[in-house]
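To find a chain, count down the sequence lines: A is the first, B the second, and so on, and within it residues start at 1. Quick note: numbers below take in every heavy atom, side chains included, and nothing from hydrogens, waters or symmetry partners.
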2 protein chains.
Amino acid sequence: MGNLLSYQGAVEVENKEISQAVISRLPRYFRYLGELKDEGIERVSSQELSDIMKVTASQIRQDFNNFGGFGQQGYGYKVEYLYEEIGKILGLDKKHNLIIIGAGNLGQALANYMNFERRGFLFKGMFDNNPALFGKKIRDMEVRPMEELSAFVRENNIDIAVLTIPKSGAVAVAEQLVKDGIRGIWNFAHVDLNVPKSIQVENVHLSDSLMKLTYNINRYEQNGNI
Amino acid sequence: MGNLLSYQGAVEVENKEISQAVISRLPRYFRYLGELKDEGIERVSSQELSDIMKVTASQIRQDFNNFGGFGQQGYGYKVEYLYEEIGKILGLDKKHNLIIIGAGNLGQALANYMNFERRGFLFKGMFDNNPALFGKKIRDMEVRPMEELSAFVRENNIDIAVLTIPKSGAVAVAEQLVKDGIRGIWNFAHVDLNVPKSIQVENVHLSDSLMKLTYNINRYEQNGNI
DNA sequence: AAAAAAATGTCAATTCATTGACAGAACTGT
DNA sequence: ACAGTTCTGTCAATGAATTGACATTTTTTT
């Protein structure tokens, strides 16, 4: 590694595993670069980004280099190009068919609140087991009964399922989704899903997040300012 | 450190900083221990927990030890005791006054969906700048205009603000909250808040989370199974 | 009561992540 | 076209987190 010359900008990178620590930072880079782009700024150096984002310039360069060098010595990075490339790394150049399972408060809020289409997520359907909701339209999408889920996932090539159901049902639904060929689960249920590692799970455990906040609040109180 | 004898179970631990990596795992321990407790299980060893939770037993012991030894050699950990202690560490034994700022889809969903009271969070109010929402009741709590926010936070000793407003307003609102004496912000806005480090911020950037998911989905596709 | 088994707390080793340093490439101004 | 400046890509050093190993304590069995 290292002596494979990059002869035309974008670069071949062999299949070395990138750490999740790096991946977790990419969306934030993407967000800041998008803002710079919108402001009409064309170039940026790692030092400038460092100042704005409050991370070390070294880390920025190291992170980008995992994917093979997007910058130019003496110049910096072209904002638009870098933005596009990070988008591609994150898979945002591809379309992903998505459904929401659980049309309660949270499911409905996500349907309305997330701008799925903006980033290539195609919102294809919504499911619940509460008959009172069947047929109700949310974002132009009627709520379907859970009985139809399995066939729907197969027939519509659903890639991503958003799980916003109580934990009691979540594990079983996840297993079914795996059988039906789902590729990723965005899991809001308060439970850990047990799926093959070929299926990607991204957990959003809101209670956990809130507990971290209270820990930090109380730690600060107790220790005085550390 | 190390030769301060723990002579009665719970233990004095001096103010050494605990890494956020450890803190992030505590809510998950808490969840699993709660489940064990509900099943009536009284004792558990680090090895048993390891099997259930899929983390190494060594890490479990190391994590707990940061707070001073909750177990007993040859026996293991008392589930209920450990559960209580972790709850205390996380600050769940204390009451926290909480408000939601932004009564849109997400704000309303959180108000209804999170069982705030269950963990000592007292839901005290909800704010928005949309007049159409003023007075609307969500979880028995009427939506108040933003003009009243500042006084309300001061008068009601609000500890935690949940920010579910668009990013355009978020930074300014956060600054105001700091002036009014807030202690923690649970931030759902797609922007990084710039507050003194005495104020705790816990970010929930949902888009970032979804991007991580697509990265992992696409990585798996491209590399074949790693 | 003694021996065997179980399981923690903790030290050391290892692995992983971040930061620092700098050679060399590209740009900029004269 | 040259000299000076900028700034990346990358290697090495440092720091942080995880895992492994084991002495010691307690429990359990005989």
Quiz item: Do the side-chain N or O atoms of A:Ser19 get closer than 4.0 angstrom to the phosphate oxygens (OP1, OP2) of C:dA17?
Solution: yes

Quiz item: Does the pair A:Arg25/A:Asp63 count as a salt bridge with the N-to-O cut at 4.0 Å?
Solution: yes

Self-check item: Options C:dA12, D:dA12, C:dA7, nucleotide nearest the side-chain atoms of A:Gln62
Solution: D:dA12

Quiz item: Should A:Arg43 be listed as having a side-chain N or O under 4.0 Å from OP1 or OP2 of D:dT6?
Solution: no

Quiz item: So, B:Glu35 and A:Lys167, do they make that salt bridge, N to O below 4.0 Å?
Solution: yes

Quiz item: For B:Glu17 and D:dA17, what is the distance between atoms CD and P respectively, to the nearest whole Å?
Solution: 10 Å

Self-check item: Length of the NZ-P vector between B:Lys54 and D:dT19, whole Å
Solution: 15 Å

Quiz item: Nearest-Å distance, CD1 (A:Ile60) to P (D:dT8)?
Solution: 9 Å

Exercise. Counting heavy atoms from C-beta on, name the nucleotide in D:dT19, C:dT8, D:dT8 closest to the side chain of B:Arg61.
Key: C:dT8

Quiz item: Rounded to the nearest Å, what distance is computed from the CD1 atom of residue B:Ile23 to the P atom of nucleotide D:dA17?
Solution: 11 Å

Quiz item: Looking at B:Gln72, does any N or O in its side chain come under 4.0 Å of the phosphate oxygens OP1/OP2 on D:dT25?
Solution: no

Practice problem: Using a heavy-atom cut-off of under 4.0 Å over every strand shown, decide if A:Ser45 touches base, sugar-phosphate, or nothing. | Solution: sugar-phosphate

Practice problem: Taking the six-membered ring for Trp and the single ring otherwise, decide whether the centroids of B:Tyr77 and B:Phe64 are under 6.0 Å apart. | Solution: yes

Practice problem: Indicate whether OP1 or OP2 belonging to C:dA7 is found under 4.0 Å from a side-chain N or O atom of B:Gln47. | Solution: no

Quiz item: OP1 or OP2 of D:dT8 less than 4.0 angstrom from a side-chain nitrogen or oxygen of A:Ser46, does that happen here?
Solution: yes

Exercise. Give the rounded distance in Å between these two atoms: CG of B:Leu82 and C1' of C:dT8.
Key: 13 Å

Quiz item: Is B:Thr56 near enough to D:dT18 that one of its side-chain N or O atoms lies under 4.0 angstrom from OP1 or OP2?
Solution: no

Self-check item: Sub-4.5 Å side-chain heavy-atom contact between A:Ile165 and A:Val173
Solution: yes

Quiz item: Does C:dG9 have OP1 or OP2 sitting under 4.0 Å from an N or O in the side chain of B:Tyr77?
Solution: yes

Exercise. Could you please spell out the steps behind the side chain to side chain donor-acceptor pair (under 3.5 Å) verdict for B:His190 and B:Asn203?
Key: CA-CA 9 Å; B:His190 295 176; B:Asn203 291 306; over 6 Å; no

Exercise. Select one nucleotide: of C:dA7, D:dT18, D:dG9, the one nearest the side-chain heavy atoms of A:Gln73.
Key: D:dG9

Self-check item: Atom pair distance, as rounded to whole Å: CZ in A:Phe67 and P in D:dT8
Solution: 17 Å

Exercise. Take the protein atom CG of A:Asn65 and the nucleotide atom C1' of D:dT8, then report the distance between them rounded to whole Å.
Key: 8 Å

Self-check item: First of A:Tyr75 and A:Gln59 reached from the 5' end of DNA chain C, by closest nucleotide
Solution: A:Gln59

Quiz prompt | Residue mapping more 5' on DNA chain C - nearest nucleotide basis, A:Gln20 or A:Ser58 | solution = A:Gln20

Quiz item: Does a salt bridge link A:Glu48 with A:Arg43, judged by any charged N lying under 4.0 Å from a carboxylate O?
Solution: no

Exercise. Check the distance between D:dT27's P and B:Glu42's CD and give it to me in whole angstrom.
Key: 15 Å

Quiz item: If only side-chain N and O atoms of A:Arg25 are considered, is one of them under 4.0 Å from the OP1 or OP2 phosphate oxygen of C:dT18?
Solution: yes

